[in-house]
Amino acid sequence: MIRTFGPHRVKHGDVTRGIDDLMAGDRADIMYSDPPWGEGNIRYWATMNRKMTGAEVQPAPLQTFLDAIFGIAGAYVSGFLLIEYGERWAAMIQQRGKQAGFQAHGIVKLRYRSGRDLLPLDLHLFARPGLAYPPGYAEAVEGSYGYDTLRRAIPPLAALQSHQRPIILDPCCGMGYTAQAAIDYGLSFRGNELNAKRLEKTVARLSKCQ
């Protein structure tokens with residue numbers, strides 16, 4: 001089911017089944033996502049989905065999952081593609097981005113919180129051929145974590161767009177940090193999430209826009 005909040009739209013759905021109905025002919029200027037990393041993380045989130053919602057969803061194999069993520073990027077993203085992913089899978093993510101028709105623009109080292117620790121995380125920068133990230137972009141984003149990463153990463157890319165309200169897509173939108181960035185920086189959000197309970201956090205953010 002698609003839910004609309006002003007210029008924003010979200011879907012409760014399995015990303016491996018596509019997002020044609022969510023996009024409804026739109027193309028995103030930016031896709032920013034932090035999808036599950038590797039087989040273990042995909043299984044973990046399937047288990048959390050069952051515990052939180054009671055839904056029985058079989059975890060997709062990693063290759064099937066990545067086919068879906070990068071298939072969506074290839075079909076619906078006309079500009080910049082940014083993927084947060086664990087360092088272990090760096091070569092695989094770089095290869096998938098190029099196969100989807102994007103040029104690689106490097107990997108920015110981020111951090112994520114695990115308990116009391118801040119651990120390393122990769123942010124893969126891709127763009128359609130002919131597009132470039134602003135000067136100093138990677139240096140400005142490097143070392144950040146949490147919502148601060150989006151605060152640094154999104155506005156410079158939104159400023160490159162010629163139209164009034166660029167579209168940002170997150171096909172694994174979770175609790176809505178990318179949605180919050182869309183609200184804060186004047187973009188139109190398109191989001192998909194498998195876990196209905198987590199999606200309600202995104203919905204709560206977007207509901208304030210109505």
Side-chain angles (χ1 to χ4, degrees), residues 1-36 42 45-46 48-49 52-53 55 57 60 64-85 97 100-102 123 126-128 131 146-147 149-151 153-210:
M1 182 179 71
I2 307 299
R3 300 176 69 175
T4 301
F5 305 89
H8 313 295
R9 292 203 301 267
V10 295
K11 175 185 177 181
H12 171 222
D14 183 341
V15 72
T16 64
R17 297 181 182 177
I19 59 168
D20 288 352
D21 49 352
L22 173 69
M23 297 308 291
D26 290 340
R27 286 177 65 82
D29 302 283
I30 304 164
M31 175 172 147
Y32 192 110
S33 195
D34 176 14
I42 292 171
W45 284 113
M48 289 301 296
N49 189 30
M52 294 173 71
T53 71
V57 178
T64 301
F65 181 76
L66 291 179
D67 284 345
I69 293 295
F70 285 98
I72 285 169
Y76 296 113
V77 180
S78 61
F80 297 92
L81 170 62
L82 301 93
I83 301 290
E84 292 186 17
Y85 222 76
F102 295 86
L123 176 63
F126 299 100
R128 288 296 187 186
L131 298 179
Y147 186 72
T149 299
L150 291 160
R151 182 185 64 80
I154 299 306
L157 301 183
L160 295 177
Q161 310 306 316
S162 58
H163 37 291
Q164 184 176 6
R165 190 180 284 276
I167 295 175
I168 186 168
L169 165 65
D170 187 346
C172 300
C173 66
M175 296 189 295
Y177 293 113
T178 308
Q180 189 62 54
I183 295 166
D184 291 345
Y185 303 114
L187 288 81
S188 180
F189 179 69
R190 302 289 182 271
N192 176 84
E193 171 59 35
L194 178 64
N195 187 313
K197 291 290 187 182
R198 285 168 61 82
L199 183 62
E200 285 305 312
K201 298 288 187 180
T202 299
V203 167
R205 298 176 193 272
L206 297 175
S207 296
K208 299 174 183 178
C209 301
Q210 289 185 302

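In this structure, CD1 on I167 lies 12.0 Å from CZ on F189, to the nearest 0.5 angstrom. Atoms CG and CG, from L131 and L160 in turn, are 8.5 Å apart once rounded to the nearest 0.5 Å. We find the CZ-OH distance between R205 and Y177 to be 6.0 Å, quoted to the nearest 0.5 Å. Here R165 contributes atom CZ and H8 contributes atom NE2; the two are 5.5 Å apart, rounded to the nearest 0.5 Å. Rounded to the nearest 0.5 angstrom, L150 CG and E84 CD are separated by 7.0 Å. The line from CG of L22 to CG of L169 is 7.0 Å long, rounded to the nearest 0.5 Å.
Judged by distance alone, with hydrogens and angles left aside, the side-chain atoms of S188 form a donor-acceptor pair with the main-chain N or O of P7 at under 3.5 Å. Judged by distance alone, the side chain of H12 and the main-chain N or O of L194 form a donor-acceptor pair under 3.5 Å. Proximity of a side-chain donor or acceptor of R27 to a complementary backbone N or O of A75 within less than 3.5 Å is detected. The main-chain N or O of C173 is never found under 3.5 Å from a side-chain atom of S33 such that the two would form a donor-acceptor pair. A donor-acceptor distance shorter than 3.5 angstrom exists from the side chain of E193 to the backbone of N195, with no hydrogens or angles considered.
The shortest heavy-atom contact between N49 and A196 is OD1-N, 4.3 Å. When all heavy atoms of R128 and G101 are compared, the pair lying nearest together is NH1-O, 3.4 Å. Shown here for I42 and P36, the closest heavy-atom pair between the two residues is CG1-CB, 3.8 Å. The shortest heavy-atom contact between F70 and A100 is O-CB, 3.7 Å. Scanning both residues, A24 and R9, for their nearest heavy atoms gives CB-NH2, 3.6 Å. Minimum heavy-atom separation, I30 to A158: CD1-N, 4.0 Å.
More than 12 heavy atoms of other residues, nucleotides or ligands shown are found within 6.0 angstrom of CZ on F65.
Between D29 and H163, some side-chain heavy-atom pair lies under the 4.5 Å cut-off. Side-chain contact between C172 and N192 is absent, with no heavy-atom pair separated by less than 4.5 Å. At a threshold of 4.5 Å between non-hydrogen side-chain atoms, the residues Y185 and I168 do not count as touching. The shortest distance between side-chain heavy atoms of V77 and F126 does not fall below 4.5 Å.
When the side chain to side chain donor-acceptor pair (under 3.5 Å) test is applied to D67, the partners found at least two apart in sequence or on another chain are R96.
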Margin query: Test side-chain contact (heavy atoms from CB on, under 4.5 Å) on R198 and W45; report intermediate values, then the result.
Written below: CA-CA 11 Å; R198 285 168 61 82; W45 284 113; 3.4 Å; yes
Next item on the list: Would you check, one step at a time, whether the test side-chain contact (heavy atoms from CB on, under 4.5 Å) holds for L206 with R3?
Entry: CA-CA 10 Å; L206 297 175; R3 300 176 69 175; over 6 Å; no
Check: For F80 and Q161, what are the C-alpha separation, side-chain angles and deciding distance, and is it a side-chain contact (heavy atoms from CB on, under 4.5 Å)?
Finding: CA-CA 11 Å; F80 297 92; Q161 310 306 316; 3.9 Å; yes
Margin query: side-chain contact (heavy atoms from CB on, under 4.5 Å), that's the test. Do I69 and Y85 meet it? Break it down for me.
Written below: CA-CA 12 Å; I69 293 295; Y85 222 76; over 6 Å; no
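Of the options L81, L123, I83, a side-chain contact (heavy atoms from CB on, under 4.5 Å) to Y32 is made by L123 and by none of the others.
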